[in-house]
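Here is the structure we will look at.
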Amino acid sequence: MRKLFLIAIFTLLNGMLMAQDKCFWVFFTDKNDTQFDPYSYFDAKAIARYQQCGADLYDISNYPLNDSYVNTVGSYSTEVFGESRWLNAVGIEATDDNAALIAQLPFVAKVQEIFSNGTVTSVETEYKEIEDNGKDILTDQVKRFGGQHFIDKGIDGKGLRICVMDGGFPKVNTHPAFQHLRDNHQIIRTYNFPNKKEDVYGWNTHGTMVLSCIAGINEEGQKLGLATGAEFLLARTEIEPEPFKEEVWWAQGAEWADKNGADIINSSLGYGKDRHWTKDMDGTSYVAKAANKAVEKGILICNSAGNEGDDSRWMTIITPADAENVICVGGIDANLKDYRHISFSSYGPTADKRRKPDVVAFGEAQVANPSGGFTSAFGTSFASPLTAGFCACAWQTKRDLTALQMKAEIQKSCDLYPYYDYAFGYGVPQAAYFTGDLKPAERSFNLVQEKDGVKIVVPKVIENQDVFINVESTDGVLLGYYKVHPDSTGIKLNNKDFGQGKKLNVSYNGFYDSCPISGMGGDINLLTQYRNSQNGTFKKVEAEGWQKTTYFQYDYNLYTDKWNGFNRHFAFGRRWMYGKSYKIGMGLSLDWNRYANNIQLPTQNKGQVIMRQMQLRGELLQRVVIRLWGVNWDLGIYGGINATRRVKVIDESYAFDENGQITSLPDWYNYDPKVTSYYKRCKAMNLFEYGATTRISYCIANMLNIGVYGSYRLSPIITKDDFLIGSTNNQPSPWSVGIEFELMP
C-alpha cells in the first residue's frame, strides 16, 4: 500500500505537469490565400527605410498569416496570445495532448514548446534622490561617449525613430524628465502586447528608467541620454511574472516597430539561463531570428549583453544579443578614469564562438525615478539604451548608411578598435569619430620580437591607462586576454604564455598594433576576468549537465499523544539536478534524528524513551521552477539506512533503601552514573526507512534557496514490542516540517 502511495504521488505530479497548459510556437507551412498591400500597412517612415536599405516591401515575411490556419489552431488552444508574420507562426497555450493534435494538421510545419524565460536585465535599482555634491555626475554617462561633440554640433537624434521594448513605462506621461518629449509630440505610438491595448504607462518601472538613458533630461537641463531629439515608439512586451510568452511578444514588438517606422530598437531584455542552456546562445533562438530579420529590413538593434558575469556556470551572453546583426552591449564601471569591466556584465563569446559583446557603456547610470526625481540604477539594461541614444546621433550624421553599415561604423568608432576582447568588445563608441573631431592616435608602445617571446615596450607610462592584450587563434577565437598596467620596463610575454595562439593584439591609449607569434607552450585559459584592474583567470564552465548544490535541513517531528518530547531531525547533504524549468535530481545526505516518548515504567515510575539514529539517506526528486519571484517546488521520495540505532529507556524516579541502594528494579536495568539514571539500550528500530518529501523554496540572488520543508514517513520506525517503546501501531508521527538552506553552485 505504501509503495502504491509513492507511485501515486509521482503519477499525480507528472499528470499535473502533462495536463497543465504550456506555451508553444506553432509554425505554418505557407501563407497561401493571403493578400498584402505594404502602402496601407506600413508607416511612411517604414517605406522610406525599406527603400533606403534596399529591402523588399513585398517580401513574403511581411504578408499576414492565413486566418483559417490561425482559427483552426485556436480551436485546439486555450489561448492564441501572439502572432509573428516574420516567423509565420503563432504563440499558443495548450495541453501536451492538444499540441500533439495540432502538430498533425496538414498546414502545420512544426510545434515547439517555448522554454525561454524573459527578464529585464537590471541588477539593482537604488532609489534615492541625487544630491548636489559639486560633481557633474549626471553627465558622466554622456561624457564617456565624448557626447559633448554631438551636443556642440546640435546632434540629438532628430529624424530617427527609436522603439523601446520593455516591461512598462510608468510616469513617462507625467515625469519632468520627459517633458520635452511630450511637448514636442515625440512619442509617436504605444502598444501593450500582454494586455492588447495602447496604454503602456504603468507596470514595470524598468522601461521608464531605460527610456531616460536614451532621451531623459534632469532638472538642470543636463542630458541623461544623447537622443533627446528622436521620436519614440513604446512597446510593452514583458510581464512579471510570466514564464513563457515574452519571446512571442518580443517578435511581435519588433514587427510592430518595423511597421511603424522604427530606425532603432532598444531591447534591455534577455532570455538566458532561466530556461536555456549556454549551447543555445548561438544566434538560433526565435528572438535572435526575429532580430536578424529586423536588421535585414533596415532596423538597428541594441540589446543588453546580460548580467550573468558573476555566474561561473553561465559564461556567455543572452539572446537576442547573440544574434549576428545585433549590437550587443556590455557594461563597464561608471568611471571616467579607470577602464574596468563591471562585475555583473556578461562575457562573450557566443556558444558558437562568435565575437560578442560588440561595445560597452556604463553599467551604472543615473536614471529617472518613476516615483519622482532621479536615482542610481545598475545593469547592462542601462548600458544598452545609453548606446542606442548614441547610435541615433551617430546615424543622424550618416543617414545614407544601412543598419548593417551603421553597426560596422559604431564598432569602428570605439576607443579600443580594432582591438577586441570578450569583456569590452571593441570598447566605448566615440562621438568624435562621427563629427570629424577624432585625432589620430599616437604610437604609445612597440612590439619587440625576442627569442623566447614578445616584449611590449612602453616609452611613456600614462596614468590610469592599461594595456589591453589578447592572443588570437587562426580562426579568430581568443585564447586569452589580459589587462595590465605597464611600467617603464615594459611587459614581457614568453612563448609559453601563448599556447597555440597565432596572433598577438595590443591596444594602449588608443593605439593598436599586432604581430604574429609562434609560441608552442602550454595551453592558456580561454578567458581572463577583470577584477579591480587585477588579472584573475578562470576556465570556461558550461551550464550543461548536472547542477550540484549543498544543503542543510532542520525539521521537527510532529507531536502525538505518546511521542510528545522534543523530536528533531538534522540533515546535511548534496544534490545533483538536471534541467531548467523542470528538473530531476537525486541527493545524498547524512541525517540525525531524535524521538522522545514519555511513558509509565513497570515500576510505576515516570520514564522516558529516547530513540536516536544516524542515517545515510538517498533522495530522488522533481523540481518545478516557478518564475514567481524565484520560487521552486520540490516533490520526491527518500530511502535511508539507519547506520546507528540506539534506544534508551530512562527511569526518572527511583526507590531507595536505607543504605541508598536501588530496590525493586527489573533485571534489564543498568545504572549510568554519568547521567544518574537507570536505563536499557536496545535495537527496536527499523534498519530501513523510506517516505515522501516536498518543499517550497525561494531563490536569493541565484545563490541561496531558503525553503519550507515537509516529509511523510511511510515505513515504521519501531519494529517490535520491546521495553514499552511501543508496537507498530504506536509509532511517532509520520509528519515532520522544518526549514532548509540550499547553496546554489
Fill in: Side chains of Arg695 and Asn632, donor plus acceptor under 3.5 Å
no
Worksheet item: With Tyr69, which residues qualify under ring-ring contact (aromatic ring centres under 6.0 Å, His included), at least two apart?
Response: Phe28, Phe107
Worksheet item: Run the salt bridge (charged side-chain N to carboxylate O under 4.0 Å, His left out) check on Arg355 and Glu324 step by step: do they pass?
Response: CA-CA 9 Å; Arg355 293 188 169 188; Glu324 175 69 26; over 6 Å; no
Worksheet item: So, does Arg49 use its side chain to make a donor-acceptor pair with the main chain of Ala262 at under 3.5 Å?
Response: yes
Discussion item. Under 6.0 Å between ring centres: does that hold for Tyr191 and Phe193?
Written reply: yes
Discussion item. Could you tell me if Lys245 sits above the aromatic ring of Phe81, with its cationic atom closer than 6.0 Å to the ring centre and no more than 45 degrees from the axis?
Written reply: yes
Worksheet item: When you check the gap from the basic side-chain N to the acidic O, do Asp263 and Lys45 get nearer than 4.0 Å?
Response: yes
Discussion item. Within the 3.5 Å criterion, strictly below it, is a donor on Ser268 or Asn266 matched to an acceptor on the partner's side chain?
Written reply: yes
Worksheet item: Taking Tyr286 as the fixed residue, which of Phe24, Phe27, Trp250, Tyr271 is the one that meets the ring-ring contact (aromatic ring centres under 6.0 Å, His included) rule?
Response: Phe27
Fill in: From CG (Leu181) to CG (Asp183), nearest 0.5 Å
9.0 Å
Worksheet item: Taking the side chain from Lys356 and the backbone from Val326, do they hold a donor-acceptor pair closer than 3.5 Å?
Response: yes
Worksheet item: If we ignore angles and hydrogens, is there a donor and acceptor under 3.5 Å between the side chains of Glu198 and Thr190?
Response: no
Worksheet item: Aromatic rings Phe36 and Tyr58: how do their planes relate, parallel, tilted or perpendicular, breaks at 30° and 60°?
Response: perpendicular
Item to complete: Walk me through it: do Lys22 and Glu93 pass the test salt bridge (charged side-chain N to carboxylate O under 4.0 Å, His left out)?
Response: CA-CA 5 Å; Lys22 297 179 181 178; Glu93 280 190 358; over 6 Å; no
Worksheet item: In terms of the angle between their ring planes, are Trp277 and Tyr578 parallel, tilted or perpendicular, with boundaries placed at 30° and 60°?
Response: tilted
Discussion item. Tell me if the NZ atom of Lys583 is crowded by more than 12 foreign heavy atoms within 6.0 Å.
Written reply: yes
Discussion item. What I want to check is whether the side chains of His206 and Ser381 have a donor and an acceptor closer together than 3.5 Å.
Written reply: yes
Worksheet entry | CA sep, side-chain torsions, deciding dist, call: Arg189, Asp43, salt bridge (charged side-chain N to carboxylate O under 4.0 Å, His left out) | CA-CA 11 Å; Arg189 291 186 184 278; Asp43 181 276; 5.1 Å; no
Item to complete: Calculate, to the nearest 0.5 Å, the distance between atoms CD1 and SG belonging to Ile317 and Cys328 respectively.
Response: 4.0 Å
Worksheet item: Does the side chain of Asp282 pick up a donor-acceptor pair with the side chain of Thr350 at under 3.5 Å?
Response: no
